[in-house]
Number of protein chains: 2
Amino acid sequence: MSDKREAKKAALRTHLLEATTQQICQKGVEEIRARDIAKHVGCAVGSLYTAFEDLDDLILHVNSQTLQKLDEALTKGRPDQASPQTCMEKLACDYLDFASTHYRLWTALFDHKWPEGKAVPQWHLDNQQKLFLQIAGPLKELLPKADQDHLLLEARTFFAAIHGIITLSLQERYAAVDKTILKQQIIKFTHLILSGLQTQEDLKP
Amino acid sequence: MSDKREAKKAALRTHLLEATTQQICQKGVEEIRARDIAKHVGCAVGSLYTAFEDLDDLILHVNSQTLQKLDEALTKGRPDQASPQTCMEKLACDYLDFASTHYRLWTALFDHKWPEGKAVPQWHLDNQQKLFLQIAGPLKELLPKADQDHLLLEARTFFAAIHGIITLSLQERYAAVDKTILKQQIIKFTHLILSGLQTQEDLKP
DNA sequence: ACAAAAATTGAACATTGTTCAATAGAAAAA
DNA sequence: TTTTTCTATTGAACAATGTTCAATTTTTGT
C-alpha cells in the first residue's frame with residue numbers, strides 16, 4: 001500500500017505547516033528557522049526539504065492558508081440582503097478585525113519576500129484574486145455600467161487604500177491608535193470613497 | 001591635530017553610505033551584505049562596525065537620507081499661492097514620482113525591518129514626522145476648525161491611503177499598471193478624499 | 001524472511017553578521 | 001629625529017543560518 005506513504009508525507013506537511021504557523025504567530029515570519037521548525041515537528045532538518053521545496057515555499061503555503069482564512073472570515077461576515085454600501089463597510093471592518101486578531105500571520109502576507117526571480121505559483125495568485133472578487137461583488141451594484149476589468153481595478157484601489165490605513169495604524173510601535181477609533185476612521189473613509197464613486201457614476205451619460 | 005582623524009572617520013561614513021545607497025538602488029535592500037559594502041568602499045569588514053553600530057544602523061542612515069530627499073522633492077514641487085486642493089494633489093503626484101523614480105530606495109523605507117527590541121532613533125522619527133507635516137499644511141486650510149492632533153491624524157490617514165494605492169500598483173510584478181493611469185487614479189482619489197473631508201467640515205456647527 | 005526501493009537522517013558546506021587579538025598608523029614626548 | 005603611547009584598521013575566527021546528500025533506517029512487494 002502506497003497510501004501509507006502518501007498519508008505519512010501528508011501528515012508531515014501538515015505538521016510542518018502547523019508548526020510554522022504557530023511560530024509565525026509567536027515570533028513573526030522574520031524569525032522562522034528551519035532547524036527550529038524541524039525540532040518542533042520532531043523530524044530532521046532534511047525532512048523539511050522533502051515536504052517543501054525550501055523555507056520560502058513552506059512560508060508561502062502558510063500565507064496561502066492565511067489568505068483562505070481571511071477569505072472565510074470575510075465570507076462568513078457577509079450580510080444577506082444588505083445595501084452594497086453596508087457590504088463594503090462590513091468588508092472593511094472584518095478586514096480590520098482579521099488583521100488585528102491575527103496580526104503576525106497577516107503581516108507575514110506582506111513581509112515575506114518571495115525570491116525575485118521565481119514566479120509566484122498560480123494557486124497563490126488565485127487566492128489573492130479571490131479577495132478582490134469579494135470587493136468587486138458589492139461594487140458591481142454601485143457601478144452597474146463598469147466592465148469587469150474596471151470593477152477589479154476599483155476594487156484593488158479600494159482595498160489598497162483601506163489596507164494602507166490599517167497597516168500604518170497597526171504597525172505603530174509607539175502611539176498605537178485605539179482600535180475603536182481606527183474602526184470609526186475606516187467606516188468614515190469607506191463612506192467617503194463610496195459617495196465619491198457614486199457621484200462619479202451619476203455624472204456618467 | 002585630531003581633525004585629521006575626524007575627517008577620515010567622516011569620509012569613511014560617507015563612503016559607506018554612498019556604497020550602500022548604490023547597492024540598494026542596484027539590488028534592493030534585502031541584498032545588502034557587509035563584506036560586499038566593505039569591498040566597494042575598499043576597507044575591511046570590521047571598519048564598517050567602527051563607523052556604524054551594525055548593518056541595520058547603516059541602512060537606517062540611508063533610509064533617513066532617502067526621507068530627506070523625499071522631503072526636498074515635495075518641498076521643491078510645492079506651488080506658491082495655490083489652493084489647498086491643488087497642493088494636496090501635487091503632493092500626491094510628487095510622491096508617486098519619487099516612489100517610481102527611486103523605487104528601490106523607496107521600498108527600502110518599508111522593507112527594512114528594524115530590530116523589534118531596539119527603539120528607533122528620534123532623528124529618524126523626526127524625519128518621518130516632517131512628511132506628515134507637509135500634508136498637514138494644506139490640510140489646515142481645509143479644516144480650519146481642527147486642532148493639530150486631529151490634523152496630523154487626518155494627514156496620516158491621507159498619506160496611508162495614497163501610499164497603499166501606490167505600493168500595490170508599483171509592486172505588481174505581473175500586470176504593472178501604466179504610470180499615467182496610476183497618476184490619474186491618484187488625482188481622482190485625492191479629489192475624492194478632499195471633497196469628502198470638505199463635506200464633513202461643512203456639516204460641523 | 002528477504003531483497004529492492006523509498007524515506008529519513010544529520011553531519012557537512014557555503015554564506016551570513018559580528019567580534020576581537022594582532023597589526024599598522026598617528027600623535028605626543030623626549 | 002627617535003621613541004613611546006594611544007588610536008584605528010585589519011581580517012581570521014566564531015556562531016548562526018539555509019541547504020545538500022551519502023549513509024542509514026523504514027517500507028514495500030514477493
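Below, chains carry the letters A, B, ... as their sequence lines are ordered, and counting in each starts from 1.
Residues from residues 14-29 of chain B with heavy atoms under 4.0 angstrom of DNA chain C: there are none. Across residues 41-57 of chain B, B:Val45, B:Tyr49, B:Asp54, B:Leu55 each have a non-hydrogen atom less than 4.0 Å from an atom of DNA chain C (numbered order).
Regarding B:Lys8, its NZ atom lies at a distance of 14 Å from the P atom of C:dA24, rounded to whole Å. Taking atom CD of B:Glu30 as the reference point, atom P of D:dT17 lies 18 Å away to the nearest angstrom. Nucleotide C:dG17 holds its P atom 13 Å from the NZ atom of B:Lys39, rounded to whole Å. What separates NZ of A:Lys118 from C1' of D:dG18 is a distance of 12 Å, to the nearest Å.
If you run side-chain hydrogen bond (donor to acceptor under 3.5 Å, both in side chains) between A:Asp126 and each of A:Lys130, A:Gln122, A:Gln128, only A:Gln122 comes through. Considering A:Phe110, A:Phe189, A:Phe132, A:Phe158 as possible partners of A:His163, the one that fulfils the ring pair (Phe, Tyr, Trp, His ring centres under 6.0 Å) test is A:Phe110.
At a cut-off of 3.5 Å, with distance as the only test, a side-chain donor of A:Gln26 or A:Gln22 sits close to an acceptor on the other residue.
A donor-acceptor contact shorter than 3.5 Å is absent between the side chain of B:Lys39 and the backbone of B:Ala34. A distance-only check finds a donor-acceptor pair linking the side chain of A:Thr157 to the backbone of A:Leu153 [under 3.5 Å]. Within the 3.5 Å criterion, the main-chain N or O of A:Leu17 finds a donor-acceptor partner in the side chain of A:Thr21.
When the shell of 6.0 Å around NZ of B:Lys140 is examined, it contains 12 or fewer heavy atoms from other residues, nucleotides or ligands.
Of the candidates D:dG18, C:dT8, D:dA13, the closest approach to any side-chain atom of A:Arg35 belongs to D:dG18.
Listed by chain and number, the residues in a side-chain contact (heavy atoms from CB on, under 4.5 Å) with B:Thr66 are B:Val62, B:Phe98, B:Leu105, B:Leu109 (sequence neighbours excluded).
A salt bridge links A:Glu53 with A:Lys118; the closest basic N to acidic carboxylate O contact falls under 4.0 Å.
Residue side chain B:Arg33 does not reach the base of C:dG17 through any donor-acceptor N/O pair under 3.5 Å, judged by distance alone.
Residue-level contact check: B:Leu12 touches neither bases nor backbone, having no heavy atom under 4.0 Å from any strand. The residue B:Ile32 sits close only to the backbone: its heavy atoms come under 4.0 Å of sugar-phosphate atoms, none of a base.
Where B:Ala34 and A:Lys9 each meet DNA chain C at their nearest nucleotide, the meeting point lying more 5' is that of A:Lys9.
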